[in-house]
Amino acid sequence: MPANDPHHDTVDAGDHVVLIDGSAYIFRAYHALPPLTRSSDKLPVGAVAGFCNMLWKLVRAQGFEPKPTHLAVVFDKSEQTFRKDIYPLYKAQRPELPEDLRPQFPLIREATRAFDLACVEQAGFEADDLIATYAEQAKAKGARVTVISSDKDLMQLVDDLVRMYDPMKDRAIGAEEVFEKFGVAPEKVVDVQSLAGDSVDNVPGVPGIGIKTAAQLLAEYGNLDTLLARAEEIKQTKRRENLIEFADQARLSRQLVTLKRDVPLDVPLDDIAVVEPEGKRLVAFLKAMEFTTLTRRVGEAYEIDIAAVEPDPGLKAGGEETALLTAGLDPETRQPAAPGDVDSTPDGEAALTPQALSAARIAHATATPVDRSRYETVTTPARLREWIARAIDLGIVAVDTETTGLDPMQAEIVGFSLATAPNEACYVPLAHKGGDEGLFSEGLLPDQIPLNEAVAALKPLLEDASVLKIGQNLKYDWLVFRRLGIEVAPYDDTMLISYVLDAGASPHGMDPLSMRWLGHTPIKYEEVCGKGKGQICFDRAAIDKASEYAAEDADVTLRLWQVLKPRLAAEGKTNVYETLERPLVAVLARMEARGIMIDRQMLSRLSGEFAQGMGRLEAEISEMAGETFNPGSPKQLGDILFGKMQIPGGRKTPTGAWSTGADVLEELAEQGHALPRRILDWRQLQKLKSTYADALPTYVHPETGRVHTSFALAATTTGRLSSSEPNLQNIPVRTEEGRRIRKAFIAARGHKLISADYSQIELRLLAEIADTPSLRQAFQDGLDIHAMTASEMFGVPIEGMPGEVRRRAKAINFGIIYGISAFGLANQLSIPREEAGAYIKRYFERFPGIRAYMDETRNFAREHGYVETLFGRRCHYPDINAKNPSIRAFNERAAINARLQGSAADIIRRAMARMDGALEKARLSARMLLQVHDELIFEVPDEEVAATIPVVREVMELAPFPAVALKVPLKVDARAAENWDEAH
DNA sequence: TAGAAAACGTA
DNA sequence: GTACGTTTTCTAG
């Protein structure tokens, strides 16, 4: 019989033996899956559903090669094992089994039988020992073995013939992954575990030795016995003493963690051969469970008319076995349903469609109410280690920091919270202060873990490549941790996931997200710290209140992730999130941390000059007005100009006050009035002085001496970033006076600033998206695009074109990008609305493709409520169909603009995500400091300037590839100088 | 004293 | 006509 025939019995070389760690699977699936219940009687079946989907994939060998020839699902029979005999505390710290998980154990056994697969359990032995024994016997016959589990205790089995497979993360675990986890080859895993112990299983190990240290010691001494024998040689005093004192404890631990490979098997290996399931029985089971999708698939595969099959009568809703299950009894034994092994990690939803999974998660988001009484305040390092072990085991953890302020570059950490499952969350206070308010007697409260110890414990978790860290607005926490020497990775950010899905439609802060998706209102910050004058800093908040608040934040973040993450796949936005959003967290955090240098002396000098200028102007203004008034007050100014002086042509603001905006004053100045000109000049100086010359130095960081802005990733509807505190995206450039501010942004000694900006990127994207050949050609030929537009529209040759003609065409081009209206264009060009309307008409006649583009975009937005950029980013406009025509028109213009502005934003995001890697690959030490929508600012050592510019330019110009191949070339101008003004 | 409005800096 | 953030003044509480 051929070796790969699934119907033979005896195991041969070439066979593939699959061993499923059933108890571990159930537990992980339970925590990772939404709490799915059978619709007719609310019987909890989430883990069962995941399990059935996985078995189906296995027996059909879908994405799992080669096809299994032998397969067993192995369970823990009872808690009493030989390990308990030698160490009664073994696994003594197991939490109580959740109510809605208990009945799923017998159901999973039923499922296994329905698939006609072997279901193995044996009194006195853990599932792990049975798996080890089967694996050993299979190997002896030369067969390949796959153990389906991610339990670290099974990793000692991995070798050339045995691999593991994590069903939740859908990834194989081989020697390499084991090394990643333990720092040693699989055959030495037992020695590491014997030394490091395991808080989850309550294996003692040697105090003070963790996985890292254990691996390092074993690398040096070879194995546990040699190490223990030569313990005297160890230099570190405490470590040496512990190894000597606890040598026996280490040997005991080895007995506990070493899997038994010679269990006398009740079910021989040859008996677990895979046979094709009997289709009807399987369908009967699945129908009873009410798994409609899988029932249909199985029916199709076996060509069974599923309508003709009756659901399993005992197991269907109302059936006898179901009644026992809901009473908490195992239908077979009529005893309380078996507990089973309790340690393990996530995900058995793989076989659900993304849409079904997403819908299930949303539907069940409110199923488990937030219960703050279940949160824990962690006060000891040992307990913290247990939480960390739990997080590592599950491979997923939500994290939140609490600090003394809102600026991640200056705030000090006060504590942090972790969440590993709904309601399974803790807060770890680190730096809460208390007691009297005396100047010198302020002290840390007791029962807090020392900061350095907490950081040392946390670092391996937060940097662990196999544990996903989830945050809400993670860039903040990422920076806080970075300042503690921790680089968080890998990570997800619920705020950014929400932003990808719902930009423009709903807010992305935690409170609104919690209310919208979880129906839950979290504790307000004010409830913990007060507000207004009486507000206290978080480090003075009562620890019990702080703990509830902080743990809830982590809990809510985890729940939001469970709801929102599946929506990405369901709505086809995974790529947008993974290429345009997630990578920017670390990129922007690094930029913010670097900051930029400013010349404070220069700004101080400027401030003085501006003050002088303002003083002179104020004197002239008083003189002209005939009285002293505040030129900064639009109200007083309006009264002077249009009341006292009776100047005609005044306009009113929407609130009925006189309008004194720059455009109005400019007009009056042109009519020959002297006062408005002075006001305009005064306002310019006032703006430059207060917003820039005076404010910027107050943002200089006391330690770095540089200015660290904050970039918001989820603030705009279009995908642009925004910058604040201070806003470095609106540093003056248009006037000579303003550029003097810009000159105060300088490179560090021995460095230059490089400014690289996209030329006309939005117009190029208009040519691309509206597919306008003449515009495209103009860009390909490197023509002056505004002159070319003017020439096309007005029939004027480009050579010797009057400046005014080009200016009008330029205004029209910008108008198109902004969604043009005759009203707006007329305003911009100070021409009658009819004339502006005629320009637009002529433009559309000359470029009919662009009118079509605008119509299409408008119609699409009206129909769908959103538009999409070139890269699939969605920008929502919920008011696009408003009854109010001006609101509607506004939304239409915004939607038209969003495709262009948003596509440009996507392109520079792609460039930024790749930039650090490209610079590193080119061995350049240039550092990205700022982004200003179409411009990137770098700080570069003098000698690397020439080599850096081409790299930067290439990354930027090629940023759309390979996702989108533009027909229009992108052009990037780049220059280096000592200061930002000259580089720009 | 908190928030809206007006003004203005950028792409 | 698009997209932002900051400062000052004004106003309602």
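Proteins get letters first, then strands, A, B, ... in listed order; numbering begins at 1 in each. Just the heavy atoms: all of them, side chains too, but no hydrogens, waters or symmetry mates, feed the values below.
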Legend entry - Sugar-phosphate only, base, or nothing, as touched by A/Ala822 at under 4.0 Å among non-hydrogen atoms: nothing

Inset, instruction - I would like to know whether A/Tyr843 and A/Phe847 meet ring-ring contact (aromatic ring centres under 6.0 Å, His included); could you show each step before the answer? - result: CA-CA 6 Å; A/Tyr843 182 92; A/Phe847 301 102; 4.8 Å; yes

Inset, instruction - Classify the nucleic acid contact of A/Glu725 as base, sugar-phosphate or nothing, counting any heavy atom under 4.0 Å across all strands shown. - result: sugar-phosphate

Compile the donor-acceptor pairs under 3.5 Å between side chains in residues 973-984 of chain A and protein atoms, sequence neighbours left out, one pair per line.
{"from": "A/Arg975", "atom 1": "NH2", "to": "A/His984", "atom 2": "O", "distance (Å)": "2.6"}
{"from": "A/Glu978", "atom 1": "OE2", "to": "A/Lys752", "atom 2": "NZ", "distance (Å)": "2.9"}
{"from": "A/Asn979", "atom 1": "OD1", "to": "A/Asp981", "atom 2": "N", "distance (Å)": "2.9"}
{"from": "A/Asn979", "atom 1": "OD1", "to": "A/Glu982", "atom 2": "N", "distance (Å)": "2.9"}
{"from": "A/Asn979", "atom 1": "ND2", "to": "A/Glu982", "atom 2": "OE2", "distance (Å)": "3.1"}
{"from": "A/Trp980", "atom 1": "NE1", "to": "A/Glu935", "atom 2": "OE2", "distance (Å)": "3.1"}
{"from": "A/Asp981", "atom 1": "OD2", "to": "A/Lys743", "atom 2": "NZ", "distance (Å)": "2.5"}
{"from": "A/His984", "atom 1": "ND1", "to": "A/Glu935", "atom 2": "OE2", "distance (Å)": "3.0"}

Inset, instruction - Would you classify A/Ala695 as touching base, sugar-phosphate or nothing, given that sugar-phosphate means primed atoms plus P, OP1 and OP2, and contacts are heavy atoms under 4.0 Å? - result: sugar-phosphate

Legend entry - Sugar-phosphate only, base, or nothing, as touched by A/Asn630 at under 4.0 Å among non-hydrogen atoms: sugar-phosphate

Inset, instruction - May I ask you to say what A/Gln686 touches in the nucleic acid, namely base, sugar-phosphate or nothing, with a heavy-atom cut-off under 4.0 Å? - result: sugar-phosphate

Legend entry - Test item: A/Arg874 side-chain N/O and A/Glu868 main-chain N/O as donor-acceptor pair under 3.5 Å: no

Inset, instruction - Round to the nearest Å and state the distance from A/Lys689 atom NZ to B/dG9 atom C1'. - result: 17 Å

Inset, instruction - Identify whether any heavy atom of A/Lys687 sits under 4.0 Å from a base atom; if not, whether one sits that close to sugar-phosphate; answer base, sugar-phosphate or nothing. - result: base

Inset, instruction - Can you tell me the distance, in whole Å, between the CG atom of A/Leu930 and the P atom of B/dA11? - result: 13 Å

Legend entry - Of the listed nucleotides C/dA3, C/dT6, C/dT9, the one nearest the side chain of A/Ser633: C/dT9

Legend entry - Euclidean distance, atom CZ of residue A/Phe711 to atom C1' of B/dT10 [Å, nearest integer]: 13 Å

Inset, instruction - With heavy atoms under 4.0 Å as the rule, sort A/Leu825 into base, sugar-phosphate or nothing. - result: base

Inset, instruction - Answer yes or no: side-chain N or O of A/Asn727 and base N or O of C/dG5 forming a donor-acceptor pair under 3.5 Å. - result: no

Legend entry - Value in whole Å for how far the C1' atom of B/dA11 lies from CD1 of A/Ile907: 15 Å

Inset, instruction - Answer with base, sugar-phosphate or nothing: what part of the nucleic acid does A/Arg683 contact at a heavy-atom distance below 4.0 Å? - result: sugar-phosphate

Inset, instruction - Would you mind telling me which residue lines up with the more 5' stretch of DNA chain C, A/Phe814 or A/Ser722, judged by nearest nucleotide? - result: A/Phe814

Inset, instruction - Would you mind classifying the nucleic acid contact of A/Gly815 as base, sugar-phosphate or nothing, using non-hydrogen atoms under 4.0 angstrom? - result: base

Inset, instruction - Name the closest nucleotide to the A/Thr716 side chain, picking from B/dA11, C/dC4, C/dG1. - result: C/dC4

Inset, instruction - Just call it for A/Ser821: base, sugar-phosphate, or nothing, with non-hydrogen atoms closer than 4.0 Å on any strand. - result: base

Legend entry - Reference residue A/Tyr699; test side chain to side chain contact (heavy atoms under 4.5 Å, CB included); the match among A/Arg706, A/Glu725, A/His708: A/Glu725

Inset, instruction - Look at A/Thr717 and C/dA3 and indicate whether a side-chain polar atom (N or O) is within less than 4.0 Å of OP1 or OP2. - result: no

Inset, instruction - Remember a base hit wins even if backbone is also touched, and classify A/Ala811 as base, sugar-phosphate or nothing at under 4.0 Å, heavy atoms. - result: base

Inset, instruction - Select base, sugar-phosphate, or nothing to describe what A/Arg893 touches, counting heavy atoms under 4.0 Å on all strands. - result: sugar-phosphate

Legend entry - Whole angstrom value for the distance that separates C1' of B/dT10 from CD1 of A/Ile741: 14 Å

Inset, instruction - Kindly confirm or rule out a cation-pi arrangement of A/Lys635 over A/Trp658, judged by NZ or CZ under 6.0 Å from the six-membered ring centre and within 45° of its axis? - result: no

